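What follows is a set of notes on a single structure, which appears directly below.
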There are 2 protein chains.
Amino acid sequence: MTQQESKILSKCPAEIALKIINGRWKLLILKELFSGTKRFNELQRALSGVTQKVLTQQLRELESDGIINRTVYPEIPPKVEYSLTALGDSLKPLTEVMHDWGINQTKQF
Amino acid sequence: MTQQESKILSKCPAEIALKIINGRWKLLILKELFSGTKRFNELQRALSGVTQKVLTQQLRELESDGIINRTVYPEIPPKVEYSLTALGDSLKPLTEVMHDWGINQTKQF
DNA sequence: CCGTATCCCTAGGGATACTG
DNA sequence: CAGTATCCCTAGGGATACGG
């Protein structure tokens with residue numbers, strides 16, 4: 001779902017944020033990119049278990065939602081770097097709140 | 001997905017929060033309950049478009065995740081009230097951050 | 001190295017009808 | 001009023017294989 005589609009379907013602005021970060025690997029991708037630009041391979045290694053197809057898919061969605069930049073270096077072998085846009089950076093407080101909330105839940109057990 | 005299952009599958013605490021609020025109507029249900037206890041019917045009217053089955057489903061999930069209380073009054077006709085637990089209340093800051101983020105995105109167009 | 005192309009499978013959620 | 005019970009349909013993701 002693109003950001004534009006989200007806006008149309010959402011009955012509440014909060015749902016826009018939800019739809020953008022919703023995806024099996026998106027929070028983990030964001031987490032990686034908060035610490036700096038990463039190559040495709042670095043991401044794949046960090047997100048153990050993700051397949052190439054799915055990682056590509058999730059990255060493309062984040063890209064079309066304006067959250068990340070994709071930079072291709074026309075070399076052999078190919079090199080592609082991913083980084084956060086300003087919009088992507090602006091998600092950091094949100095993920096931190098979510099993180100803290102999750103931590104507190106875990107503690108109760 | 002229950003909260004317990006979420007914890008097992010999550011590789012990051014933030015994902016726990018995500019999974020709990022993830023659902024077609026959950027943010028909207030929370031929004032309603034932030035303003036106080038509501039009856040089933042009130043919720044259904046507020047969330048225009050939701051079917052009884054789905055609303056029941058989403059409420060049950062929130063209940064089993066410890067986010068809301070379900071109180072049954074054994075009357076005729078039946079009366080069931082839903083309210084937030086302390087844990088549910090603790091989600092308010094999170095939803096506010098999401099809301100504000102969504103608002104800002106909307107403004108750009 | 002960084003992707004596409006297929007195929008497949010499941011869970012989430014919608015429509016509709018029935019009930020204590 | 002507040003639910004179940006069915007049936008169905010789609011999108012998200014996973015496995016695997018191939019390509020520039």
Side-chain angles (χ1 to χ4, degrees), chain A residues 1-6 8-11 15 18-29 32-33 37-65 68-83, chain B residues 1-6 8-11 15 18-29 32-33 37-65 68-83:
Chain A
M1 163 123 21
T2 69
Q3 197 182 350
Q4 288 308 314
E5 290 168 324
S6 301
I8 293 162
L9 291 173
S10 297
K11 307 192 177 188
E15 297 191 291
L18 178 58
K19 283 172 186 159
I20 287 179
I21 60 175
N22 193 18
R24 178 72 182 80
W25 303 95
K26 290 188 184 171
L27 280 175
L28 299 172
I29 292 171
E32 290 304 313
L33 296 186
T37 297
K38 293 276 162 64
R39 295 188 58 170
F40 184 89
N41 242 354
E42 290 182 278
L43 289 174
Q44 192 174 13
R45 256 178 286 118
L47 280 54
S48 71
V50 72
T51 62
Q52 286 183 329
K53 182 203 132 184
V54 173
L55 178 54
T56 304
Q57 216 171 248
Q58 306 258 316
L59 288 168
R60 290 289 193 282
E61 289 175 16
L62 288 172
E63 189 192 1
S64 77
D65 280 339
I68 63 175
N69 293 125
R70 178 171 181 269
T71 314
V72 182
Y73 297 88
E75 309 170 353
I76 304 290
K79 173 178 168 185
V80 181
E81 284 187 345
Y82 293 92
S83 59
Chain B
M1 164 123 22
T2 68
Q3 197 183 347
Q4 287 309 317
E5 290 169 324
S6 301
I8 293 162
L9 291 173
S10 297
K11 307 190 178 191
E15 296 192 292
L18 178 59
K19 282 172 186 159
I20 287 179
I21 61 175
N22 192 20
R24 178 72 182 78
W25 303 97
K26 290 188 183 173
L27 279 176
L28 299 172
I29 291 171
E32 290 304 314
L33 296 186
T37 296
K38 293 277 160 62
R39 295 189 55 170
F40 185 88
N41 241 358
E42 291 182 278
L43 289 174
Q44 193 174 13
R45 257 178 285 118
L47 280 54
S48 72
V50 72
T51 61
Q52 286 182 330
K53 182 203 131 183
V54 172
L55 178 54
T56 304
Q57 216 171 246
Q58 306 258 315
L59 288 168
R60 291 288 194 281
E61 289 175 15
L62 288 172
E63 190 192 1
S64 76
D65 280 340
I68 64 175
N69 292 125
R70 179 171 180 268
T71 314
V72 182
Y73 297 87
E75 308 170 353
I76 303 288
K79 174 177 165 184
V80 180
E81 284 187 344
Y82 293 91
S83 60

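The sequence lines fix the lettering, A, B, ..., with proteins before strands; numbering per chain opens at 1. Since the structure is predicted, the reported quantities are computational estimates derived from the model, not experimental observations.
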Whole Å only: how far is the CG atom of A:L59 from the P atom of C:dG3?
8 Å

Would a 4.5 Å heavy-atom cut-off, applied to side chains only, mark A:L47 and A:E32 as touching?
yes

Nucleotide C:dG3, atom C1' - distance to NZ of A:K79 in whole Å:
17 Å

Close side-chain approach of B:W25 to A:E15, heavy-atom, < 4.5 Å
no

With a 3.5 Å distance limit and no angle check, can you tell me whether A:E61 reaches the backbone of A:Q58 through a side-chain donor-acceptor pair?
no

On the ring face of A:Y82, is A:K38 found with NZ or CZ under 6.0 Å from the centre and within 45° of the axis?
no

Within the structure shown, what part of the strands sits under 4.0 Å from B:Y73 by heavy-atom distance: base, sugar-phosphate, or nothing?
nothing

Thinking salt bridges, do A:E81 and A:R70 make one under a 4.0 Å N-O criterion?
no

A:R60 CZ to C:dG3 C1', straight-line distance once rounded to whole Å:
7 Å

Could you tell me whether the side chain of B:T56 reaches within less than 4.5 Å of the side chain of B:L59, counting heavy atoms only?
no

Letter by letter from the 5' end, nucleotides 15-20 of chain D scores (B base, S sugar-phosphate only, - none; protein heavy atoms under 4.0 Å) B----B

Is any side-chain nitrogen or oxygen of A:Y82 closer than 4.0 Å to OP1 or OP2 of C:dG3?
yes

Nearest-Å distance, CG (B:L27) to P (C:dG12)?
16 Å

Ignoring hydrogens and angles, tell me if any N or O in the side chain of B:K11 forms a donor-acceptor pair with the backbone of A:S48 under 3.5 Å.
yes

Can you name the closest pair of heavy atoms from A:K26 and A:L62 and give their distance?
CD-CD2, 3.8 Å

B:I29 CD1 to C:dG12 C1', in whole Å, measures 14 Å

Going by number, which of residues 37-48 of chain A have a non-hydrogen atom under 4.0 Å from DNA chain D?
none

Test A:I29 against A:L33 for side chain to side chain contact (heavy atoms under 4.5 Å, CB included), laying out the working first.
CA-CA 6 Å; A:I29 292 171; A:L33 296 186; 4.1 Å; yes

Separation of C:dG12 atom P from B:L55 atom CG, nearest Å, is 16 Å

C:dC9 C1' sits how many Å from A:R24 CZ, rounded?
16 Å

Atom pair distance, as rounded to whole Å: CG in A:L62 and C1' in D:dG13:
15 Å

With a non-hydrogen cut-off below 4.0 angstrom, is B:Q58 in contact with a base, only sugar-phosphate, or nothing?
sugar-phosphate

Identify which nucleotide among C:dG14, D:dC1, C:dT4 has an atom closest to any side-chain atom of A:T56, counting heavy atoms from C-beta outward.
C:dT4

Please determine if a side-chain N or O atom of B:W25 lies less than 4.0 Å away from the OP1 or OP2 oxygen of C:dG14.
yes

